[in-house]
Amino acid sequence: MAVGIIKIELHLPGCSSLKEKRRRLKPLLSRIQREFNISASELDHQDVWQSALLGCAMIGNDARRIQSRMAVVVRWVETHWPDVTVVAETFEIV
């Protein structure tokens, strides 16, 4: 059994309040959960208007498959959410 965890640091240009940031992140997190059937949440930078750290987790039997699925998540965010910029990503298998 393997658990894959990916952290995605985002830049949200144009956000001028925490309320606007939440309004932009909530649908993104919901879509990630629905599209990929994985857990997703905002982990850090809750008090920063234009920055967010998302965490996604997946469990499975094959570590390589988990890693490839997590890479697809990052590419999907970059492709389908042009109003956010992926600044960094870190992947880890536990």
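Note that the numbering runs from 1 along the sequence shown for the chain.
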With a 4.5 Å heavy-atom cut-off, do I59 and M1 have their side chains touching? yes
Quick one, E9 with H45, criterion side chain to side chain contact (heavy atoms under 4.5 Å, CB included). Give me CA distance, side-chain angles, the key distance, then yes/no. CA-CA 9 Å; E9 189 169 342; H45 308 305; 4.2 Å; yes
One pair to check against side chain to side chain contact (heavy atoms under 4.5 Å, CB included): L43 and K7. What are the steps and the verdict? CA-CA 8 Å; L43 300 178; K7 294 178 186 174; 4.2 Å; yes
In this structure, CG of L10 is separated from CZ of R24 (nearest 0.5 Å) by 10.0 Å
What distance do I66 atom CD1 and F91 atom CZ have between them, rounded to the nearest 0.5 Å? 6.5 Å
Within 6.0 angstrom of W81 CH2, more than 12 heavy atoms from elsewhere: yes
Interatomic distance, M70 atom CE to T90 atom OG1 [nearest 0.5 angstrom]: 11.0 Å
So with a 6.0 Å cut-off around CG of N37, is the heavy-atom count from everything else above 12? no
Using atom types as modelled and distance alone, determine if a side-chain donor or acceptor of E35 lies under 3.5 Å from a backbone N or O of R31. no
Nearest 0.5 angstrom please: L28 CG to E42 CD, how far? 10.5 Å
Side chain S68, main chain R65, donor-acceptor under 3.5 Å: yes
Check: H11 side chain, V84 main-chain N or O, donor-acceptor pair, under 3.5 Å: no
With no hydrogens and no angle check, is any side-chain donor or acceptor of K21 less than 3.5 Å from a backbone partner on C15? no
Side chain Q33, main chain A40, donor-acceptor under 3.5 Å: yes
Gap between atom CG of L12 and atom CH2 of W49 - 0.5 Å precision: 13.5 Å
Non-hydrogen side-chain atoms of I5 and I93 separated by less than 4.5 Å: no
Under a 4.5 Å cut-off applied to non-hydrogen side-chain atoms, are V77 and V86 in contact? yes
ILVMFWY cluster, L29 and L18 together (side-chain gap under 4.5 Å): no
Here the gap from E89 atom CD to I6 atom CD1, rounded to the nearest 0.5 Å, amounts to 5.0 Å
Considering residues, nucleotides and ligands other than R22, do more than 12 of their heavy atoms fall under 6.0 Å from its CZ? yes
Check the pair L53 / I8 against side chain to side chain contact (heavy atoms under 4.5 Å, CB included), numbers first and verdict last. CA-CA 6 Å; L53 181 66; I8 307 169; 6.0 Å; no
